[in-house]
Amino acid sequence: MSPRSASVNEELRRRSRERLLQAAVELVSEHGYDATTLGDIADRAGSARGLVSYYFPGKRQLVQSAVHRLMHRTLEEALEREPRTEDGRERMARAIDAILGLARDRPVLMRQHMAGILQAEGFMQCPEQRRLAELLREVCVRHGSADPDTDYPMLRALLMGAVYAALVPGVPMPVPVLRAELFKRYRLDREQGVPPDAEAVSGGTCDMDLSRFFATGSPPDCSEGRPDPSAQSK
């Protein structure tokens, strides 16, 4: 049996990491952060438990990366949905609705995420967070920002604050009220994005199948380490 190529090994590692991210989102959504162990996540992902520490320093880092992935892909999906548009105001409205929608539809997960950021480890940089940041920064640019390096952190802070306000136990603020305030700040029309009445008609936007957000499909056929014929023809 020939050894696997470096590219095949890299793809297998990537898919293994993706399965761990998806499993973390699912389990924390279902049971909360404290009740979810690294062993639980590895078992759900179908991975050896030692692989978790290979990819992530600990549970907090894994869960933050997983939530940032979900936020990034949710935002990306909202921005690219039909009818596609390059209009900066519409894209800002979609971005706001996408993040507030996560607070509304996945309160356990997002509450645990916000609590984790307030822990001693704080806000952690990771590839998933950087992709989310790039997308939100681009939203600011499309919206007409003359100084995205200043306007992006403000947008991030306002969205984080709105999510926090929506999820504070005992005194949560209604998502439509928070939406209205953010829309007012960015001079958006209520009908842009996904208006609350449209969500009510459709029965909400929460989809429990998260597989489309994580590249966890079938691994490449690498049982014999054969080269890819299509690669030879290129």
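As the structure is a computational prediction, the values presented were derived from the model and not from experiment. The first residue of the sequence shown is numbered 1, and numbering continues consecutively from there.
Note that CD of Glu138 is 11.0 Å distant from CG of Leu75, once rounded to the nearest 0.5 Å. Between Glu86 atom CD and Arg142 atom CZ the span is 4.0 Å, to the nearest 0.5 Å. Arg104 CZ to Leu167 CG: the interatomic distance, rounded to the nearest 0.5 Å, is 11.5 Å. Expressed to the nearest 0.5 Å, how far NE2 of His113 lies from CZ of Arg106 amounts to 14.0 Å. Between His72 atom NE2 and Ser65 atom OG the span is 13.5 Å, to the nearest 0.5 Å. Between the OG1 atom in Thr85 and the CG atom in Leu79 there is a gap of 10.0 Å [rounded to 0.5 Å].
Contact detail for Gly50 and Ser53: the closest heavy-atom pair is O-OG, 3.0 Å. For the pair Ser47 and Arg19, the tightest heavy-atom approach, listed with the atom from each and the gap, is OG-NE, 4.4 Å. Of all heavy-atom pairs between Pro127 and Arg17, the closest is CD-NH2, 4.1 Å. The heavy-atom pair separating Ala98 from Ala78 by the smallest distance is CB-CB, 3.9 Å. The two residues Cys140 and Tyr152 have their closest heavy-atom pair at SG-CA, 3.7 Å. Of all heavy-atom pairs spanning Arg60 and Tyr33, the tightest one is N-OH, 3.3 Å.
If you chain together ILVMFWY residues whose side-chain heavy atoms come under 4.5 Å of each other, Val141 ends up in a group of its own.
Proximity of a side-chain donor or acceptor of Lys59 to a complementary backbone N or O of Thr36 within less than 3.5 Å is detected. No donor-acceptor pair closer than 3.5 Å links the side chain of Arg69 to the backbone N or O of Glu128. In this structure a side-chain-to-backbone donor-acceptor pair under 3.5 Å is present from Asp40 to Thr37. Arg91 contributes no side-chain N or O that, together with a main-chain N or O of Val139, makes up a donor-acceptor pair within less than 3.5 Å.
A 6.0 Å sphere centred on OH of Tyr164 holds no more than 12 heavy atoms belonging to other residues, nucleotides or ligands. Residue Met173 places its CE atom among more than 12 non-hydrogen atoms of other residues, nucleotides or ligands, all under 6.0 Å distant.
Proximity of Leu182 to Leu100: side-chain heavy atoms (C-beta onward) are separated by under 4.5 Å at one or more points. Between Met71 and Met110, the closest side-chain pair of non-hydrogen atoms falls below 4.5 Å. By the 4.5 Å heavy-atom criterion applied to side chains, Leu178 and Ile96 are not counted as neighbours. Side-chain contact check for Asp189 versus Arg89: some heavy-atom pair is nearer than 4.5 Å. When side chains are defined from C-beta on, Ser29 does not count as touching Val108, because their heavy atoms never get closer than 4.5 Å. Asp97 is not listed as a side-chain neighbour of Gln192, based on a closest heavy-atom distance of 4.5 Å or more. Taking 4.5 Å as the limit, some side-chain heavy atom of Leu70 sits within range of a side-chain heavy atom of Leu109. Taking the side chain as every heavy atom from C-beta outward, Leu158 and Tyr186 approach each other to under 4.5 Å.
In this model, no donor atom of one side chain and acceptor atom of the other lie less than 3.5 Å apart for Gln22 and Glu18.
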>> For a side chain to side chain contact (heavy atoms under 4.5 Å, CB included) check, start with the C-alpha distance between Leu188 and His143, then their side-chain angles and the critical distance, and finish with the verdict.
In response: CA-CA 10 Å; Leu188 308 175; His143 188 252; 4.0 Å; yes
>> Show, in sequence, the C-alpha distance, side-chain angles and deciding distance for Ser16 and Tyr55, and conclude whether the side chain to side chain contact (heavy atoms under 4.5 Å, CB included) test is met.
In response: CA-CA 9 Å; Ser16 177; Tyr55 292 114; 3.7 Å; yes
> Going through the distances and angles, do Val28 and Val67 end up as a side chain to side chain contact (heavy atoms under 4.5 Å, CB included)?
Replying inline: CA-CA 10 Å; Val28 174; Val67 177; over 6 Å; no
>> Evaluate Arg49 against Asp43 for side chain to side chain contact (heavy atoms under 4.5 Å, CB included), listing each step before the verdict.
In response: CA-CA 7 Å; Arg49 299 191 180 193; Asp43 291 345; 2.8 Å; yes
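In the hydrophobic clustering of this structure, Val177 does not group with Val171; members are Ile, Leu, Val, Met, Phe, Trp, Tyr whose side-chain heavy atoms approach within less than 4.5 Å, directly or through other members.
A salt bridge does not link Arg185 with Glu181: every distance from a Lys NZ or Arg NE/NH1/NH2 to an Asp or Glu carboxylate oxygen is 4.0 Å or more. Look at Glu30 and Arg44 and you find a salt bridge, because one of the NZ, NE, NH1 or NH2 atoms lies within 4.0 Å of a carboxylate O, short of that distance. Ion pair Arg84/Glu80 flagged as a salt bridge, since at least one NZ, NE, NH1 or NH2 atom sits closer than 4.0 Å to an Asp/Glu carboxylate oxygen. Electrostatic pairing of Arg131 and Glu76 does not count as a salt bridge here, judged by no charged N lying under 4.0 Å from a carboxylate O.
Remark: Arg187 fails to qualify as a cation-pi partner of Phe183 under the 6.0 Å distance and 45° angle criteria applied to the six-membered ring.
For Asp149, the side-chain contact (heavy atoms from CB on, under 4.5 Å) test picks out Arg137, Asp147, with sequence neighbours left out. Glu77 meets the side-chain contact (heavy atoms from CB on, under 4.5 Å) test with Arg212, Phe213; sequence neighbours excluded.
The ring of His68 has its center closer than 6.0 angstrom to the ring center of Phe123.
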